[in-house]
Enquirer: 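Quick one: the structure is below, and I'll ask about it shortly.
Sequence lines set the chain letters: A, B, ... in the order given, protein chains first and strands last, and positions in each chain run from 1.
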Protein chains: 2
Amino acid sequence: MTEERVLRADAARNRAALLAAATEEFAERGLEASVADIARRAGIGKGTVFRHFPTKDDLLAAVVLDRIEALSALAGSLLGAADAGAALLEFMDAAAGRQQQLDLSFLRESGAVNARLDEARASLFESIVALVERAKTAGAVRADVDGMDVILLMCAPNHVVSFVPDPSPELWRRYLGIIFDGLRPEGARPLPHPAPGAVTA
Amino acid sequence: MTEERVLRADAARNRAALLAAATEEFAERGLEASVADIARRAGIGKGTVFRHFPTKDDLLAAVVLDRIEALSALAGSLLGAADAGAALLEFMDAAAGRQQQLDLSFLRESGAVNARLDEARASLFESIVALVERAKTAGAVRADVDGMDVILLMCAPNHVVSFVPDPSPELWRRYLGIIFDGLRPEGARPLPHPAPGAVTA
DNA sequence: GGCTAAGCGGACCGGGCGGTCAACTTTGTA
DNA sequence: TACAAAGTTGACCGCCCGGTCCGCTTAGCC
């Protein structure tokens, strides 16, 4: 099905550099990042970019696919955690932290072309829904929120923080904590929220 | 100081139509809105736009100024409300509701040019800080948040909702409620949040 | 009604964007 | 080492954007 062509050594090197540069550039400047800048950052010509990815959207899709698969792995491992509430928070923390300007990339559907991306996105979505359901039955979050709510809300901190000139590097995490507290059922409101990494470790 | 030139009748008419069109267009499409589209929507030529406002930024500034002044008036009247927590929530509700894509317009400082805008923005900021302080002393919100936090967080709902294909029209309000709950001090978490308009009415 | 200045509008300009292409270089194999 | 296929490149194209300009229209005063 997926016919992976064999790349020449230099081509593989360039492709890796390109993906790394694109990841950084998209993270910093969002969809505004220009292909020319990405090429320059990768140290290759603009034409080479389009040889590897026929359109800018395809390049973006490759970057997003990486992120989504990483998040999927994390979500999967968190599904086995004992504390469902802490697991959900840790997932939200990791997701919000790593995808800076790419925030809501999983929402934009690719017009039937990138079947693989859509599939990965759907799979991640399922895992998130499961995380949320577990947190709900554990009494850690309200009953009236669903997976989509969590996805949208966990993206909010980075989004708004991107507007302040030079934000303290932990500002987004403070806001995530506030939002997570808002998701708790009435009356359940522990003081600090646990440090990231505490659940899977 | 402010030397308001006298406009000819048709010019005044066009200016009004232009501002209305720009307000709608910016609200719908954010900063991406093009001057040509705004001109078309207003039923005037593109050149006329630039006669009234020398740059696109100036046009945006005029639209933003309108919004800021309206919000300032609201904030001022809410400062006298009995229930400081409800007053803050109502302000956040109104601010988030009316400024769709313009969300964080008050943050972007104009490079010393639009003194009037910067002044209005500073004044609004003061009022918001006062609203927040009152809510804090009333025990309605946590002690560890400030005016900027509230500004950023109240903008979050519209921001994230703009990513979902066709959102239910009240979705942003649900999210605002969640965020507001997250702002409450520990343990204080009433069930429903009051309907908008209940405080000033 | 006639005159003049204010206002109007669309063709036009420069710049940046995503994307193409044909000439050139590199890789890997026999 | 010779050579064909694979890969690279930057000049180039068309498009859209913000902004300019100048010939035309119109409002308002005498």
Enquirer: If only side-chain N and O atoms of A/His52 are considered, is one of them under 4.0 Å from the OP1 or OP2 phosphate oxygen of D/dG7?
Expert: no

Enquirer: On a plain distance test, is the side chain of B/Lys56 in donor-acceptor contact with the base of D/dG19 below 3.5 Å?
Expert: no

Enquirer: Could you go through the salt bridge (Lys or Arg N to Asp or Glu O under 4.0 Å) check for B/Glu24 and B/Arg29 one step at a time?
Expert: CA-CA 9 Å; B/Glu24 295 171 14; B/Arg29 298 177 37 194; over 6 Å; no

Enquirer: Tell me: CG of A/Asp58 to P of C/dG18, nearest whole Å?
Expert: 14 Å

Enquirer: With sequence neighbours left out, what residues match A/Asp10 under side-chain hydrogen bond (donor to acceptor under 3.5 Å, both in side chains)?
Expert: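 Testing A/Asp10 for side-chain hydrogen bond (donor to acceptor under 3.5 Å, both in side chains), a comparison that skips the adjacent residues, returns A/Arg8.
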
Enquirer: For the pair made of CZ in A/Arg51 and C1' in D/dA5, what is the distance, rounded to whole Å?
Expert: 10 Å

Enquirer: Counting side-chain heavy atoms from C-beta on, which of D/dC12, D/dT8, D/dG19 comes nearest to B/Lys46?
Expert: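 Closest of the options to the side chain of B/Lys46: D/dG19.
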
Enquirer: What integer distance in Å separates A/Leu59:CG from C/dC17:P?
Expert: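 So the CG-P distance, A/Leu59 to C/dC17, works out to 15 Å.
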
Enquirer: Rounded to the nearest 0.5 Å, what separation is found between the CG atom of B/Leu78 and the CE atom of B/Met92?
Expert: 12.5 Å

Enquirer: Quick check for you: to the nearest 0.5 Å, what is the distance between A/Ile68 atom CD1 and A/Arg116 atom CZ?
Expert: 11.0 Å

Enquirer: Between N or O atoms, less than 3.5 Å apart, protein on one side and nucleotides 28-30 of chain C on the other: list the pairs.
Expert:
| residue | atom | partner | partner atom | Å |
| --- | --- | --- | --- | --- |
| C/dG28 | OP1 | A/Ala9 | N | 3.4 |

Enquirer: For DNA chain D, determine which residues of residues 36-44 of chain A have any heavy atom closer than 4.0 angstrom to one of its atoms, and list them numerically.
Expert: A/Ile44

Enquirer: Would you please indicate yes or no on a ring centroid separation below 6.0 angstrom for A/His159 and B/Phe163?
Expert: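 For B/Phe163 and A/His159, the ring centres are under 6.0 Å apart.
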
Enquirer: Between A/Asn14 and D/dG7, is there a contact of a side-chain N or O with OP1 or OP2 at under 4.0 Å?
Expert: no

Enquirer: Could you state the CZ-P distance from B/Phe53 to D/dG18, rounded to the nearest angstrom?
Expert: 15 Å

Enquirer: Which value, rounded to the nearest 0.5 Å, describes the distance between B/Ser162 atom OG and A/Leu152 atom CG?
Expert: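 Between atom OG of B/Ser162 and atom CG of A/Leu152 there are 9.5 Å.
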
Enquirer: OP1 or OP2 of C/dG9 versus the side-chain N and O atoms of B/Thr48: is any pair under 4.0 Å?
Expert: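 So the side chain of B/Thr48 is within the cut-off, an N or O lying under 4.0 Å from OP1 or OP2 of C/dG9.
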
Enquirer: C/dG18 C1' sits how many Å from A/Glu32 CD, rounded?
Expert: 14 Å

Enquirer: Would you give the length of the straight line joining atom CD1 of B/Ile178 to atom CZ of A/Arg184, rounded to the nearest 0.5 angstrom?
Expert: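 Separation between the atoms: 13.5 Å.
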
Enquirer: If you assign B/Arg15 and A/Phe50 each to the DNA chain C nucleotide with the nearest heavy atom, which residue ends up on the more 5' nucleotide?
Expert: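 Result of the comparison: B/Arg15.
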
Enquirer: Could you measure the distance from the CG atom of A/Asp146 to the CD1 atom of A/Ile151? Nearest 0.5 Å is fine.
Expert: 9.0 Å

Enquirer: Looking at every strand, decide which applies to B/Ala33 at a 4.0 Å heavy-atom threshold: base, sugar-phosphate, or nothing.
Expert: sugar-phosphate

Enquirer: Could you grab the distance from atom CG of A/Leu31 to atom NZ of A/Lys56, nearest 0.5 Å is fine?
Expert: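 One gets 6.5 Å once the value is rounded to the nearest 0.5 Å.
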
